[in-house]
Each structure stands twice: as structure tokens, then as C-alpha cells.
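See structure below.
Residue numbers begin at 1 in each chain, while the letters A, B, ... track the order of the sequences.
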Number of protein chains: 2
Amino acid sequence: MTTMQRDGRKARGEKRRQEIIEATLRVIERDGVAGVTHRSVAREAGIPTASITYHFATLDDLLIATLISCARDMATEVYWMIDRARSREGLRRSSGSPYSGPSAADEVSALLAEALGPRRGRTMAEYELYLLAARRPSLRPAARRWLDVLTSMVKHDDEVAFRVFLAGIDGLLIQGLIDDEPPTAEELRPVVEYLLNPTERRRRARQEA
Amino acid sequence: MTTMQRDGRKARGEKRRQEIIEATLRVIERDGVAGVTHRSVAREAGIPTASITYHFATLDDLLIATLISCARDMATEVYWMIDRARSREGLRRSSGSPYSGPSAADEVSALLAEALGPRRGRTMAEYELYLLAARRPSLRPAARRWLDVLTSMVKHDDEVAFRVFLAGIDGLLIQGLIDDEPPTAEELRPVVEYLLNPTERRRRARQEA
DNA sequence: AGAGTATCTGAACGAACGTCCAGGAAGTTC
DNA sequence: GAACTTCCTGGACGTTCGTTCAGATACTCT
């Protein structure tokens with residue numbers, strides 16, 4: 001009984017798989033899907049080249065596994081984000097004191113600014129997935145995942161306004177990627193407010209009725 | 001004086017350049033940027049491989065020239081589209097009879113449906129340009145071209161509503177690319193109407209005042 | 001006609017690629 | 001510790017790639 005690994009062989013293999021996927025994602029963030037080769041990923045992960053072909057039958061399998069993993073992570077983030085926002089709203093309702101924290105528009109625009117600033121590489125990776133999914137139907141469920149999470153979690157009394165909101169988010173992100181410098185949360189807020197407002201207005205109207 | 005070509009050598013070279021660019025665009029539409037190689041383009045154009053390196057110093061030059069050409073074509077299309085719409089609006093105003101042709105929302109949604117249906121490949125090519133521009137600043141002016149044309153031609157009294165409209169178009173397009181089947185104009189119209197309405201409402205209000 | 005120049009191309013080169021494989025290392029079971 | 005399974009990897013193979021280049025062809029000009 002040493003201080004060494006406690007995992008079985010299978011667990012070690014799974015860990016390696018994850019390391020390879022993470023290294024692949026870093027390569028995609030840095031150089032795009034075009035930069036993904038057995039050798040570049042192996043260099044990034046600090047492992048031998050043949051180790052990749054052992055864990056992934058083909059390079060395409062690796063790419064697909066990576067993009068699906070990336071999409072799953074993002075969907076999970078969206079899930080928790082909404083969850084946090086919801087519990088906060090619950091607090092706001094139960095307490096009688098006036099709420100003065102960040103508004104929904106504040107939070108969404110901050111999130112977009114983050115996606116276009118520090119997490120730019122990750123955002124680009126997401127849209128590489130979009131484009132790959134456009135050509136390969138098998139990838140589409142993964143690409144739509146964060147949209148599905150939003151759709152199923154947020155109550156949308158106005159179907160059309162909600163679709164506009166989703167499209168607006170994607171449009172702001174992809175247009176932000178080709179700006180010379182990433183837009184700040186302050187610059188984005190008016191647009192986000194505009195995207196959210198109609199929904200909010202109707203919801204408030206419904207609650208007052 | 002035969003019935004042969006009348007163009008000088010220079011003109012012939014320029015024509016070849018164009019043919020190569022068009023073949024490259026077809027390859028991108030079919031297989032994406034990843035499918036562009038000297039040999040695949042040469043096969044598509046029906047010319048020898050070395051002919052490409054003669055007209056384009058590097059494969060990257062060819063790719064950039066093709067995507068810029070594609071962006072220029074699209075900007076030109078947007079230009080004429082707005083021009084036609086404007087002259088039609090002029091007619092509508094001058095004639096006293098009630099106008100019953102297609103509304104702006106009708107036309108925009110028909111255009112989007114076309115971009116996601118028959119012209120799907122071209123639309124994908126456009127977003128490949130977007131993604132490439134995200135990584136290469138020198139490509140960004142080309143990628144923004146159609147946005148600039150719209151911005152400079154359409155009078156936008158409400159800056160925010162206009163930015164929402166532009167983002168919405170991009171979002172609808174890129175989300176339409178990952179739908180299992182392309183959305184129809186009828187499905188898109190309510191969303192487009194919603195994107196256009198606020199602007200229209202304010203414009204009408206201004207005209208009535 | 002002949003010099004000059006732009007256009008064109010078959011063939012080849014070196015580099016990078018995806019993938020394979022024989023064999024070694026590590027862990028598990030008896 | 002022996003048998004067995006899984007994990008791992010250095011090295012090699014055949015392919016495709018971007019690019020080069022010497023020489024051929026087509027056109028212009030004087």
C-alpha cells in the first residue's frame with residue numbers, strides 16, 4: 001500500500017482520455033480546428049503521439065469528442081447560471097426590502113463581455129462547432145444543447161420574443177468576434193436590455209394582473 | 001484577324017484568376033475551408049495544379065482572395081436589394097392607390113429562407129469567413145462589409161433597435177444552419193416582424209407627427 | 001522575323017500528415 | 001511468481017500536402 005495511484009487501470013485510461021480532450025480544446029482555442037493534428041495535440045498534452053490513436057480510433061473521433069465535451073460544459077454552465085439567477089429572484093421576492101443588485105441585463109451583458117474577452121478562445125471554439133455541425137447532422141444536437149437548456153428552463157410566455165432573444169445573443173457574440181476590440185459590458189447593455197425588455201414587460205404585466 | 005480571343009495577355013491572366021477564385025468558392029461551399037488544397041481547387045477548375053501557384057503566391061493568398069471576393073459580392077447584393085426596396089417605397093408613396101405587395105418582413109424572411117435553403121453553401125462560406133476573421137484581423141473589414149453597407153444605407157433613428165436587428169439576422173442565420181431542416185420563410189416571418197417592428201413603429205410615429 | 005514578356009505546366013522535392021504495429025511496462029488475478 | 005489483460009509508445013509506412021522550377025507556349029511590339 002504505497003502513496004501511489006489508487007485507481008484501477010480503467011480509471012487511468014479514462015483520465016488520459018480526458019487529458020487528451022482538454023489538450024485538444026486548448027489547441028482549438030489557440031489555432032482553430034485546422035490546427036488539430038495528432039502531433040500538435042500530443043505536444044500540447046505532453047504525451048507521445050501514438051497515445052492518441054490508442055484512446056481515439058481516428059482523429060475525427062477526437063475532434064467530435066472534444067466539441068461535444070465543450071458543448072456539454074457550456075450547457076452545464078448555462079444551467080447553473082439560470083439556477084443561480086432563479087434562487088436570487090426567489091430571495092428578492094421573499095424579502096420585503098427593495099432589491100438593488102445587478103439586473104438581468106447587467107448580468108447577461110457581463111457574461112457576453114466575458115465570452116468576448118477573457119474567454120474569447122472558448123467562444124471561437126463554440127462557433128467552430130456550429131460550423132462543423134452545419135455540415136455534419138450528427139453534431140447538431142450537441143451544438144443546440146445550450147439553446148435547448150435555455151429553452152426548457154426559462155419560461156417564455158412570448159415565443160417570438162424568446163426566439164429573438166436567442167438569435168440576438170448568437171448574433172452579438174459572433175459579431176463581437178470580428179470587432180477590432182471586444183465590446184465592453186457597458187456597450188452591450190443597451191442592446192441586451194432591448195432584447196430582454198419586451199419579455200420582462202409582458203411578464204410584469206401578467207404578474208400584476 | 002481571326003475569331004479568336006481579343007483580350008491581351010493581362011486580361012487572360014485576370015480571367016484565370018477569377019476562374020480559380022470561383023472554383024475555390026465552390027470547394028468551400030461543398031467541403032468547407034478545410035477542403036481547400038491546390039489539388040482540389042485545380043480539379044474543380046479543370047486546370048493544372050501549378051497554374052494556381054502561378055496566379056496566387058500562396059494557398060493562404062488564394063483563400064483570402066476568395067473570401068474577400070465572396071464578401072464583396074454579398075455586400076453588393078445587399079446594396080442592390082436595399083436600392084430596389086427604396087425605389088419601390090418611392091413608388092408606393094407617389095401613387096395614391098393602396099399598396100398590397102410584400103411587406104419588408106415578407107422580403108427579409110424570404111431572403112433568409114433562401115440563404116438557408118438553396119444558398120446554404122454560400123451562407124456557410126460566409127460564416128467560415130467570419131470565423132477566419134475572428135483569428136486574423138486583416139480579414140475583419142471584409143467580414144464586416146455587408147454590415148457596413150446596411151448601416152450606411154438604412155436610416156436608423158433608433159441606434160439600439162438597429163443593432164438588435166443586425167444581431168438578430170446573424171443569429172437567425174447561424175442557428176438556421178444547425179437546424180435539422182432549413183426554416184421556411186413562414187416560420188421566420190414572425191421573428192423578422194418582431195425585429196423590424198419597433199423601428200417601423202417609431203418611424204411611422206415620426207411621419208405622422 | 002526576332003526579341004521580349006507574360007502565361008502556363010509536368011514533374012519533382014521535402015515536410016507533415018494519419019495510422020499502424022510490435023513489443024515493453026504496469027496492474028490484476030490466481 | 002506465473003498467467004493474463006490492459007495500457008502505453010518509439011518507430012516506421014504510405015499518402016497527401018505546399019511549393020518550386022526548368023522549360024514550353026502564346027502573345028506583343030518593333
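- Applying the 4.0 Å criterion to OP1 and OP2 of C:dC8, one finds that B:His55 has a side-chain N or O inside that range.
- Residue whose closest nucleotide on DNA chain D sits further toward the 5' end, between A:Thr53 and B:Arg43: A:Thr53.
- Note on B:Glu77 versus B:Arg119: salt bridge recorded, some NZ/NE/NH1/NH2 to OD/OE distance being below 4.0 Å.
- Residue B:His38 places none of its side-chain N or O atoms closer than 4.0 Å to OP1 or OP2 of D:dC17.
- Atom-to-atom, CZ of B:Arg12 to P of C:dT7 comes out at 9 Å; the value is rounded to the nearest Å.
- Looking at B:Arg88 and B:Glu107, a side-chain N of the basic residue comes within less than 4.0 Å of a carboxylate O on the acidic one, giving a salt bridge.
- Salt-bridge annotation for A:Asp60 and A:Arg136: present, with a side-chain N of the basic residue lying under 4.0 Å from a carboxylate O of the acidic one.
- Whole-Å rounding puts the B:Ile47 CD1 to C:dC8 P distance at 9 Å.
- Across the protein-nucleic acid pair, A:Glu19 atom CD and D:dC7 atom P stand 14 Å apart, rounded to whole Å.
- Of the listed nucleotides (D:dG10, D:dT19, C:dG10), C:dG10 has the atom at the smallest distance from the side chain of B:Pro48.
- With 3.5 Å as the limit, one finds no donor-acceptor pair spanning the side chains of A:Thr76 and A:Asp73.
- Contacts of residues 56-68 of chain B with DNA chain C (heavy atom under 4.0 Å): none.
- Rounded to whole angstrom, the span from the NZ atom of A:Lys15 across to the C1' atom of D:dC8 amounts to 15 Å.
- Distances shorter than 4.0 Å separate some side-chain N or O of B:Tyr54 from OP1 or OP2 on C:dT7.
- Listed candidates were D:dT20, D:dC8, C:dC17. Nearest to the side chain of A:Arg39 is C:dC17.
- Residues A:Glu29 and A:Arg120 are not paired through a salt bridge, judged by the lack of any N-O separation under 4.0 Å between the basic side chain and the carboxylate.
- Remark: A:Ser51 is not in phosphate contact with D:dC8, judged by side-chain N or O atoms under 4.0 Å from OP1 or OP2.
- Ionic pairing of B:Asp180 and A:Arg144 is present here: one or more N-O contacts between side-chain nitrogen and carboxylate oxygen are shorter than 4.0 angstrom.
- Between atom CG of residue A:Leu188 and atom CG of residue A:Leu111 there is a gap of 11.0 Å, rounded to the nearest 0.5 Å.
- Mapping A:Thr37 and B:Arg16 onto DNA chain C via the closest heavy atom, the residue that lands nearer the 5' end is B:Arg16.
- If you take CD1 of A:Ile52 and C1' of D:dC7, they are 15 Å apart, rounded to a whole angstrom.
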